[in-house]
Amino acid sequence: MITIGIVDNDRFALPMLDMPLTDIPGPEICRRVRAASSDIVVLGITSYSLDHYRQLAIDAGAQGLIAKSVTPKELAEAMRNVLVRPFPGFPTTEQAHGSIVSASARRSRTLSKREREVLGLYADNYSTA
């Protein structure tokens with residue numbers, strides 16, 4: 001589930017991603033958003049341990065991570081704050097975009113065309129059979 005925190009002029013100004021999604025995990029959605037854009041701030045949210053998802057959220061390019069247990073006032077404050085600057089230890093949108101894009105370029109240089117094709121099929125839920 002993607003929860004939209006703030007919508008500005010028909011554009012998502014702050015998507016909030018649930019980290020432990022079943023079909024496609026929040027960090028993967030974040031990574032895809034970050035690979036495509038350097039200007040969308042992403043805030044992760046989870047009911048699980050923040051310690052468990054913190055590094056995953058950072059590596060995926062999020063600008064912050066909060067617990068679902070926060071009060072509405074704390075949620076609003078976190079949303080306002082993350083739009084101004086990333087949470088401590090989290091990258092800016094530009095830093096995260098650069099990191100994701102360069103990592104993707106390195107990975108694609110190390111795999112053959114066929115290997116990338118097979119991985120794409122796995123990503124689309126095809127099985128080995």
Tell me whether the count of non-hydrogen atoms from other residues, nucleotides or ligands lying under 6.0 Å of CG in Asp23 goes above 12. no

Looking at residues at least two apart in the chain, or sitting in another chain, which of them share a side chain to side chain contact (heavy atoms under 4.5 Å, CB included) with [X]?
| X | result |
| --- | --- |
| Ser38 | His97 |
| Thr71 | Lys73, Glu74 |
| Leu50 | Thr46, Leu65, Ala67 |

Sequence neighbours excluded, the answer for side chain to side chain donor-acceptor pair (under 3.5 Å) partners of Tyr122 is Thr128

Would you please name every residue forming a side chain to side chain donor-acceptor pair (under 3.5 Å) with Arg85, sequence neighbours left out? none

Check: Met79 and Ile66 side chains under 4.5 Å, non-hydrogen atoms: no

Any side-chain heavy-atom pair of Thr93 and Val41 under 4.5 Å: yes

Assess whether a salt bridge exists between Arg80 and Glu77, defined as any Lys/Arg side-chain N lying under 4.0 Å from an Asp/Glu carboxylate O. no

Heavy-atom closest pair, residues [X] and [Y]:
| X | Y | result |
| --- | --- | --- |
| Cys30 | Ala60 | SG-O, 3.3 Å |
| Gly61 | Ala96 | CA-CB, 3.5 Å |
| Ala57 | Phe90 | CB-CE2, 3.9 Å |

Using 0.5 Å steps for rounding, measure from the [atom1] atom of [X] to the [atom2] atom of [Y].
| X | Y | atom1 | atom2 | value |
| --- | --- | --- | --- | --- |
| Ile29 | Met19 | CD1 | CE | 8.0 Å |
| Tyr48 | Asp18 | OH | CG | 8.5 Å |
| Ile24 | Leu17 | CD1 | CG | 10.0 Å |

Determine which pairs satisfy side-chain hydrogen bond (donor to acceptor under 3.5 Å, both in side chains) with at least one residue from residues 49-67, sequence neighbours left out, and list them in order. Arg34-Gln63, Gln55-Asp59

Is a side-chain N or O of Ser99 found less than 3.5 angstrom from the main chain of Gln95, in a donor-acceptor match? no

Please walk me through it: do Leu43 and Phe87 pass side chain to side chain contact (heavy atoms under 4.5 Å, CB included)? CA-CA 9 Å; Leu43 181 61; Phe87 286 15; 4.0 Å; yes

